[in-house]
Amino acid sequence: MTAAPELSEARLAQAETIDALSTYQFGWSDSDAAGTTAKRGLDEDVVRGISHLKNEPEWMLERRLKALKLFERQPLPTWGADLSEIDFDNIKYFVRSTEQKVTSWEDLPDDIKYTYDRIGIPEAEKQQMIAGVSAQYESEVVYNSIREDLAQQGVVFLDTDSGLKEYPDLFEEYFGSVIPAGDNKFSALNTAVWSGGSFVYVPKGVHVKIPLQAYFRINTENMGQFERTLIIVDEDAYVHYVEGCTAPVYRSDSLHSAVVEIIVKKGARCRYTTIQNWSTNVYNLVTKRTKAEEGATMEWVDGNIGAKVTMKYPSVWMMGEHAKGSVLSVAFAGKGQHQDTGSKMLHLAPHTSSEIISKSISREGGRSSYRGLVQVNPGAHHSRSTVKCDALLVDTKSRSDTYPYVDIREDDVTMGHEATVSKSSDDQLYYLMSGGLTEEEAMAMIVRGFIEPIAKELPMEYALELNRLIEMQMEGAVG
Amino acid sequence: MAKLEISDLHVSVITEDTSKEILCGVNLTIDAGETHAIMGPNGSGKSTLAYSLAGHPKYRVTSGTVLLDGADVLSMTVDQRARAGLFLAMQYPVEIPGVTTSNFLRTAATAVRGQAPGVRQWLKEVKDEMESLQMDPDFAQRSVNEGFSGGEKKRHEILQMSLLKPKIAILDETDSGLDIDALRVVSEGVNRYKAESAAAGEAVGVLLITHYTRILRYIQPDFVHVFVAGQVAESGGSELAEELEADGYVRFTGQAVPA
Ligand SMILES: Nc1ncnc2c1ncn2[C@@H]1O[C@H](COP(=O)(O)OP(=O)(O)OP(=O)(O)O)[C@@H](O)[C@H]1O
Ligand SMILES: [Mg+2]
């Protein structure tokens, strides 16, 4: 026994870096010249205006108008979180913050540059921790770049508006092919007024080794952000896309309603990571879905820390044999927050497998719900699925629910479901505290341990970020 | 020099809607360098005493005092007690999923010592102690107590003791569940810390709760206390332990052992 115990210094550093942090860190708001003049409310003129401003092809305008009708017809969902307070007439559906998209930070208007400096993006890009960056401020992407070597291999990473202009054929083929406008009220809304978002295309066999990163920021009060993301991963290719979201704290609510469509072709793999840290007056209602072809793998890694209400169920439709889908999600519901998250896994071909791991932490009256559907269609024999939900209640006034649905129309399948609710036990607190840790340190350690299975799936910087955000949320949790 | 003085300690356990007195006036003084063994029937309140000294929220002290070097222990929070030099090796150590043992130990050492130990020195310290306790280095990367065998959990408790260097160590049935070799290894760990602390001029006082005299052959007690119905019923030297081993607790409980 001579080997030194593996005490990784990185981990030690991690434990040490996480120190006193105050409340919502991204809560400043910048001067809001663009937002004040924007129109409130939604009608055909608004939709036409957006399309006109963007110089879009006729077919896109038609899609938008059709979607607007669908949006108007569809009722709000009667399940999930309470959405009755959203005032659709008070929302600004399109806010243009700058006339020009730029490819150098220096060229950004000062107020926007300042915002992103504070979030820390230029640093990350400088240190080459990311393969490409896209930054969306209000309705449009204001900065976009991709590493040259990737561009040379044919990797496309653009804002969606530019994507539509430059790759009209791909858009005609794939836009709305995974999530049709009428899928739900909010996908209809997004289709009607979408703006910005990312368009990614990874050619056959190309492995993008470090993540592509997108940042979304809402600055205007009562703003609606409706980004639209389309990712196509061609055969045997690989990409990891990461998005982060922040917004200032305003007195009244904003709405974020995105649509993310992903196509993962034969043998390809895509990982999509979200660290959502909207301020707690944002309604975050997002539709995310992937079609995975034969032997393809789709992995959603989803961290929901902020927002007033989140309704989000990243889905994978396993279209081809041996396709795989997974969702790893962690939600944090603090005071006044409702995180209604989960997943939908559709097994449409034989030998497909899915895994859902969902962890939630509730405190101070916060509410988290797991809502998931696993569906196995006839003929999807030898399919497998496991679902694990684990909820941690930090106090007695918080709440956690699970709504697992299964719909199995094939005999030869393997299913596993496990749901646990852990109360952060007095015994655990006591054990750590008798090692000298304060109650707050002990609680934070328990919570970090709880989300560790998810944090370890993230690249180091994002794991740190997730821990840091959770730490901030836990501030003042005790005492 | 450390001194723990327990005077007329009354403790009740708090359950959903009732509260029941478990400790009914405990008196005990432990001086630096002394080893006290406590033996007593199941359910007599030994663990309750240990938990209460360390400040478990389930147990409510209704009267009495506990002083550590004159300072009022009962007004301290659990972590303050640990930082004041009190250590409890638990009868049933708790699992903390996702928190590595190395992370916990280092955070604890930082808290108790008042500053983070230097990485290099710390690594060596942990490595040496783990080797002495014959623990696989892999343990450092496993979650605290998760999936540890009974004996492994006990070794981990003693590892904590030797790293946190308390003035008073309370060992609650650290010998239970240990195989013959492990018992020796763990006992040697305790003795090593006793010797090391004495050499440093801070001789540890030990309160050893046990059901068996076997561990007392390795760790020589200066005093043996018989604990019955929430009180110290009798105190003596190590000969008392031998008597208990031979005759059981009949003399104290008045009940014959059912055949
Ligand atoms: N949390 C609790 N809830 C209810 N009763 C409790 C609780 N903790 C202790 N007790 C009761 O208090 C009494 C003393 O328990 P304690 O664990 O202190 O005994 P012990 O002497 O350590 O026993 P053992 O030798 O079996 O470890 C027992 O009757 C036990 O059932
Ligand atoms: Mg006991």
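FYI, side chains are in, hydrogens and waters are out, and symmetry mates aren't considered; it's all heavy atoms of this structure.
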#### Entry: Those residues that, when tested against B:Arg142, pass salt bridge (Lys or Arg N to Asp or Glu O under 4.0 Å) (two or more places apart)
none
### Task
Taking all non-hydrogen atoms of both residues into account, name the closest pair between B:Pro57 and A:Tyr430 and its distance.
CD-CD1, 4.1 Å
### Region of B:Glu157 in contact with chain A, defined by heavy-atom distances below 4.5 Å
side chain
### Query
Has B:Gln115 got more than 12 heavy atoms of other residues, nucleotides or ligands less than 6.0 Å from its CD?
no
### Query
If you draw a 6.0 Å radius around NZ in A:Lys324, do more than 12 non-hydrogen atoms from other residues or ligands fall strictly inside?
no
### chain A neighbours within residues 79-86 of chain B, where any heavy atom lies under 4.5 Å away
B:Asp79, B:Ala82, B:Arg83
### Query
Quick one: of B:Glu95, B:Lys124, B:Met90, who has the most non-hydrogen atom pairs under 4.5 Å with chain A?
B:Met90
### Which atom of A:Leu437 lies closest to which atom of B:Ala111, heavy atoms considered
N-CB, 4.3 Å
### Summary
When the 4.5 angstrom heavy-atom criterion is applied to B:Pro93 and chain A, the contacting part is both
### Query
Is it true that atom CZ of A:Arg384 has more than 12 heavy atoms of other residues, nucleotides or ligands lying nearer than 6.0 Å?
no
### Message
Looking at B:Arg113, I'd like to know if its CZ atom is crowded, meaning that more than 12 non-hydrogen atoms belonging to other residues, nucleotides or ligands lie closer than 6.0 Å.
### Response
yes
### Task
Determine, stepwise, if the pair A:Glu452 / B:Thr100 fulfils side-chain contact (heavy atoms from CB on, under 4.5 Å).
CA-CA 10 Å; A:Glu452 200 272 343; B:Thr100 62; over 6 Å; no
### Message
Heavy-atom cut-off 4.5 Å, strictly under: side chain, backbone, both or neither for B:Asn145 against chain A?
### Response
side chain
### Message
Under 4.5 Å from any heavy atom of chain B, what part of A:Leu432 do you find: side chain, backbone, both or neither?
### Response
both
### Task
Give, as side chain, backbone, both or neither, the part of B:Ile96 having an atom under 4.5 angstrom from any heavy atom of chain A.
both
### Worked check of side-chain contact (heavy atoms from CB on, under 4.5 Å) between A:Met445 and B:Thr107
CA-CA 10 Å; A:Met445 188 172 262; B:Thr107 311; 3.3 Å; yes
### Message
Test of understanding: with ring-ring contact (aromatic ring centres under 6.0 Å, His included), list the residues that count as partners of B:Phe104, not counting sequence neighbours.
### Response
A:Tyr431
### Message
Other residues, nucleotides and ligands only: do more than 12 of their heavy atoms fall within 6.0 Å of NZ on A:Lys388?
### Response
no
### Task
Using a 4.5 Å cut-off on heavy atoms from C-beta on, say whether the side chain of B:Lys58 contacts that of A:Asp427.
yes
### Message
Test of understanding: with ring-ring contact (aromatic ring centres under 6.0 Å, His included), list the residues that count as partners of B:Tyr59, not counting sequence neighbours.
### Response
B:Tyr51, B:His56
